[in-house]
Amino acid sequence: MIRLYDSLSREVVELRPRAPGEVSMYVCGPTVYDVPHLGHARTAVTYDVLCRYLTWRGLDVTVVSNITDVDDKIIERAAAEESTEQEVSARFGDIYIRELGALGVAEPSARPRATEYVSQMVSFVERLLARDAAYVIDGAGVYFDVARYADYGRLPGRDPEELRESAGARVAVDERKRDPLDFALWKAAKEGEPAWDAPWMPGRPGWHIECVAMSLGLLGDGFDIHGGGSDLIFPHHENERAEAEAAGHRFARLWMHSAMVNVEGEKMAKSAGNFRTLADVLALHDPRALRLAMLQAHYRSTMEIDETVLAGAAAGINRLDAFARRVGASGALDTTERTADTDAARTAFVEAMDNDMGTPGAVGVIFELLRKGNVALDDGEAEAAASALHTVRDLGGALGLSLRDSSPDEAIQQRVDERQEARAARDYATADLIRAALADEGVELEDTPTGTVWRRVT
RNA sequence: GCAUCGGUGCCCGAGCGGACGAAGGGAGCGGCCUGCAAAGCCGUCUUAUCGCGGGUUCGAAUCCCGCCCGAUGCUCCA
């Protein structure tokens with residue numbers, strides 16, 4: 001039984017897909033006006049792991065993750081660069097996809113762009129107008145009428161009255177709105193901004209509507225999981241929910257929110273100026289180290305990512321790879337043979353993961369099995385070690401963590417062999433010379449009872 | 001202020017009523033192994049005052065109340 005925390009009911013609930021055996025999931029992607037940072041990476045990794053695990057458990061998963069390519073910030077950036085909105089969003093969209101791909105985030109089943117869904121958004125707004133859940137303000141746009149949605153405020157756990165009090169604290173409220181909480185579904189075109197035709201006035205999509213159009217459009221009513229970063233709970237997700245349900249649709253069955261990444265105790269954000277780009281981290285570390293660091297914290301806990309954390313995770317990745325090399329050097333062949341240890345590990349792994357994606361516990365299980373495999377190797381039980389390795393690979397795969405396979409390199413192998421000959425002849429001076437030379441090239445040697453293995457150190 | 005989530009060994013971070021004599025990773029130290037390393041294993045720091053004070057319970061890191069501290073959200077946000 002797979003259980004997940006549902007942000008709407010505020011409890012861990014059993015995942016009960018609308019269609020048995022199939023899970024449909026929508027993950028709010030970024031607005032592409034700049035390069036991705038670690039926060040984007042954490043969110044993407046969280047849902048990537050969920051998708052991989054559900055698939056590993058035998059479910060047929062469909063993931064839709066959007067890219068929002070019309071928005072105030074994109075317009076600003078395009079203006080600042082004297083470029084176009086299309087160019088800016090295409091550029092950052094490509095970077096986003098490439099860098100997350102490098103992190104091992106699998107391509108979603110569909111990655112819609114907001115601009116591809118404008119006509120659906122227009123129809124959606126019409127439907128809301130027809131149901132009297134929205135109204136037009138001439139020259140300004142079309143607004144959602146919050147009063148028409150009785151459940152408003154449940155997702156963020158707030159009373160609409162309280163929400164109303166703080167509305168306008170940061171942005172001036174348009175006097176013509178019926179309620180300060182009302183928000184734009186469609187924004188009237190301004191000079192020099194991208195615009196599309198619409199029955200009310202030419203303009204561009206307002207807030208939250210793009211995700212509703214894309215999620216319902218691609219996954220249909222009552223899709224299973226809607227996820228995103230916790231900073232989207234309000235207003236973004238609550239307003240999506242209001243729009244969809246006020247239009248008569250059954251929206252997401254389960255809401256998930258991943259926690260923020262902090263830097264020195266503060267949320268990483270562009271506005272705070274403390275963000276680290278994904279590219280910066282990827283330039284310094286194995287992408288698997290970043291993923292492991294993220295897996296070692298629960299997705300609903302705020303986590304700190306700094307050099308200490310990254311270096312620690314990188315050391316963990318080295319252990320994983322070293323185990324694979326050791327087993328490889330033992331000559332034992334890959335085997336699906338089960339042992340008491342691998343069975344116990346699988347059970348514990350599933351138990352941890354089924355419980356609201358307990359990746360830290362799941363990673364713990366993997367490392368425990370790794371240690372047992374190393375002990376088996378020390379005891380000369382290569383077969384048992386190979387079984388452990390096979391399971392480590394399988395479980396790691398369910399989390400998107402792979403072990404590095406050494407790539408053969410004849411030139412290096414030749415020198416390793418030369419060193420072995422020297423060692424056999426007890427000519428340790430020569431042997432150490434070769435080892436030091438290889439070390440200078442970033443190649444580290446490990447002597448095992450069955451031969452010497454080597455690895456590249458980055 | 002209101003809402004939500006937290007405060008666990010040197011660091012990160014699980015656990016969320018009894019198998020806790022608190023997982024796992026990292027760091028330090030000692031040992032074994034090794035020609036020396038690396039890798040690995042074992043031990044150790046670690047009897048972790050589980051933020052503080054009360055309470056419930058046969059039993060609490062886990063539940064309840066109060067307090068202190070922090071993060072996030074309250075129409076830019078992943």
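Labels below follow one simple rule: chain letters A, B, ... track the order of the sequence lines, proteins then strands, and each chain is numbered from 1. Note that this is a predicted model, so its numbers are computed, not measured.
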Peer 1: With sequence neighbours excluded, give me every salt bridge (charged side-chain N to carboxylate O under 4.0 Å, His left out) pair touching residues 352-366 of chain A.
Peer 2: A/R57-A/D354, A/R300-A/D356

Peer 1: Hey, which of these two, A/C28 or A/N318, hits RNA chain B nearer its 5' end, going by closest nucleotide?
Peer 2: A/N318

Peer 1: How long is the line joining CD1 of A/I233 and P of B/C76, in whole Å?
Peer 2: 16 Å

Peer 1: Could you tell me whether a side-chain N or O of A/H37 sits under 3.5 Å from a main-chain N or O of A/G39, the two making a donor and an acceptor?
Peer 2: yes

Peer 1: Base, sugar-phosphate or nothing for A/H298? Non-hydrogen atoms, less than 4.0 Å.
Peer 2: sugar-phosphate

Peer 1: For A/S109, which residues count as a side chain to side chain donor-acceptor pair (under 3.5 Å) partner, sequence neighbours excluded?
Peer 2: none

Peer 1: If you measure from the C1' atom in B/G54 to the same atom in B/C12, how many Å do you get, rounded?
Peer 2: 32 Å

Peer 1: With no angle test and no hydrogens, is the base of B/C77 tied to the side chain of A/K267 by a donor-acceptor pair under 3.5 Å?
Peer 2: yes

Peer 1: Keeping to residues at least two apart or across chains, list the salt bridge (charged side-chain N to carboxylate O under 4.0 Å, His left out) pairs with something in residues 380-389 of chain A.
Peer 2: none

Peer 1: Kindly give the heavy-atom pair with the smallest separation between A/A313 and A/L292, and that separation in Å.
Peer 2: O-CD2, 3.4 Å

Peer 1: Just the dot-bracket of RNA chain B, please: which string comes out with Watson-Crick or G-U pairs under 3.5 Å, [ ] for crossing, | for another strand?
Peer 2: ((((((((.[[[..)..(.....]]].(((((.......)))))......[[[[[..)....]]]]])))))))....

Peer 1: Classify A/D72 by what it touches in the nucleic acid, base, sugar-phosphate, or nothing, heavy-atom distance under 4.0 Å.
Peer 2: nothing

Peer 1: Answer with base, sugar-phosphate or nothing: what part of the nucleic acid does A/Y428 contact at a heavy-atom distance below 4.0 Å?
Peer 2: base

Peer 1: From the list B/C42, B/C2, B/U72, which nucleotide is the closest neighbour of the side chain of A/V375?
Peer 2: B/C42

Peer 1: Anything under 3.5 Å between a protein N or O and an N or O of nucleotides 16-23 of chain B, put it in a table, one pair a line.
Peer 2:
none

Peer 1: Does A/R158 put a side-chain nitrogen or oxygen below 4.0 Å from OP1 or OP2 of B/U75?
Peer 2: no

Peer 1: What I'd like to find out is whether the side chain of A/E85 reaches to under 4.5 Å of the side chain of A/D71, using heavy atoms alone.
Peer 2: no

Peer 1: For A/F367 and B/G24, are the ring centres under 5.5 Å apart with planes inclined under 30°?
Peer 2: no

Peer 1: Taking atom P in both B/A19 and B/U62, compute the distance separating them and give it to the nearest angstrom.
Peer 2: 14 Å

Peer 1: Does the B/C42 base have a donor-acceptor partner in the side chain of A/N374 within less than 3.5 Å?
Peer 2: no

Peer 1: What nucleotide among B/G26, B/A78, B/A14 has an atom nearest to a side-chain atom of A/A315?
Peer 2: B/G26

Peer 1: With salt bridge (charged side-chain N to carboxylate O under 4.0 Å, His left out) as the rule and sequence neighbours excluded, what pairs involving residues 223-236 of chain A come up?
Peer 2: A/D224-A/R253, A/D231-A/K267

Peer 1: Would you indicate what A/V261 reaches in the nucleic acid, counting non-hydrogen atoms under 4.0 angstrom: base, sugar-phosphate, or nothing?
Peer 2: base

Peer 1: Partners of A/H208 by ring-ring contact (aromatic ring centres under 6.0 Å, His included), sequence neighbours excluded?
Peer 2: A/F183, A/H236

Peer 1: Please state whether the rings of A/W255 and A/H257 are parallel, tilted or perpendicular, taking 30° and 60° as the class boundaries.
Peer 2: parallel

Peer 1: Do A/E210 and A/Y117 come within less than 4.5 Å of each other through their side chains, counting heavy atoms only?
Peer 2: no

Peer 1: Using atom P of each nucleotide, how far apart are B/C50 and B/A22 to the nearest Å?
Peer 2: 12 Å

Peer 1: For residues 97-115 of chain A, which residue pairs pass the salt bridge (charged side-chain N to carboxylate O under 4.0 Å, His left out) check, not counting sequence neighbours?
Peer 2: A/E107-A/R111

Peer 1: Under 4.0 Å between any heavy atoms, over every strand shown, what does A/G39 touch: base, sugar-phosphate, or nothing? Just pick one.
Peer 2: base

Peer 1: Which of residues 418-425 of chain A sit near RNA chain B, with a heavy atom under 4.0 Å from it?
Peer 2: A/R419, A/R423

Peer 1: Find which nucleotide of RNA chain B each of A/L38 and A/F183 is nearest to by heavy atoms, and output the residue with the more 5' nucleotide.
Peer 2: A/F183

Peer 1: Could I get the full list of side chain to side chain donor-acceptor pair (under 3.5 Å) partners for A/Y152, not counting sequence neighbours?
Peer 2: A/N239

Peer 1: Report the distance from atom CG of A/L290 to atom CG of A/L38, rounding to the nearest 0.5 Å.
Peer 2: 6.0 Å

Peer 1: Does any pair with a residue in residues 296-331 of chain A pass ring pair (Phe, Tyr, Trp, His ring centres under 6.0 Å), and if so which ones, sequence neighbours excluded?
Peer 2: none

Peer 1: Could you classify B/G9 for me, syn or anti, using a glycosidic angle within 90° of 0 as syn?
Peer 2: syn

Peer 1: Report the nucleotide, chosen from B/U4, B/U75, B/A78, that has the shortest atom-to-atom distance to any side-chain atom of A/T31.
Peer 2: B/A78

Peer 1: For a 4.5 angstrom cut-off between non-hydrogen side-chain atoms, does A/D427 reach A/R423?
Peer 2: no

Peer 1: Figure out the CZ/P separation between A/F234 and B/A78, and round it to whole Å.
Peer 2: 17 Å

Peer 1: For A/L232, which contact category applies under a 4.0 Å heavy-atom criterion: base, sugar-phosphate, or nothing?
Peer 2: sugar-phosphate

Peer 1: Quiz question: going by heavy-atom distance under 3.5 Å, is there a donor-acceptor pair between the base of B/A37 and the side chain of A/R435?
Peer 2: yes

Peer 1: Let's see if you get this right: which residues in residues 299-311 of chain A place a heavy atom under 4.0 Å from RNA chain B?
Peer 2: A/S301, A/T302, A/M303, A/E304, A/V309

Peer 1: Which pair of heavy atoms, one from A/T43 and one from A/S258, lies closest together, and at what distance?
Peer 2: OG1-OG, 3.6 Å

Peer 1: Looking at every strand, decide which applies to A/N262 at a 4.0 Å heavy-atom threshold: base, sugar-phosphate, or nothing.
Peer 2: sugar-phosphate

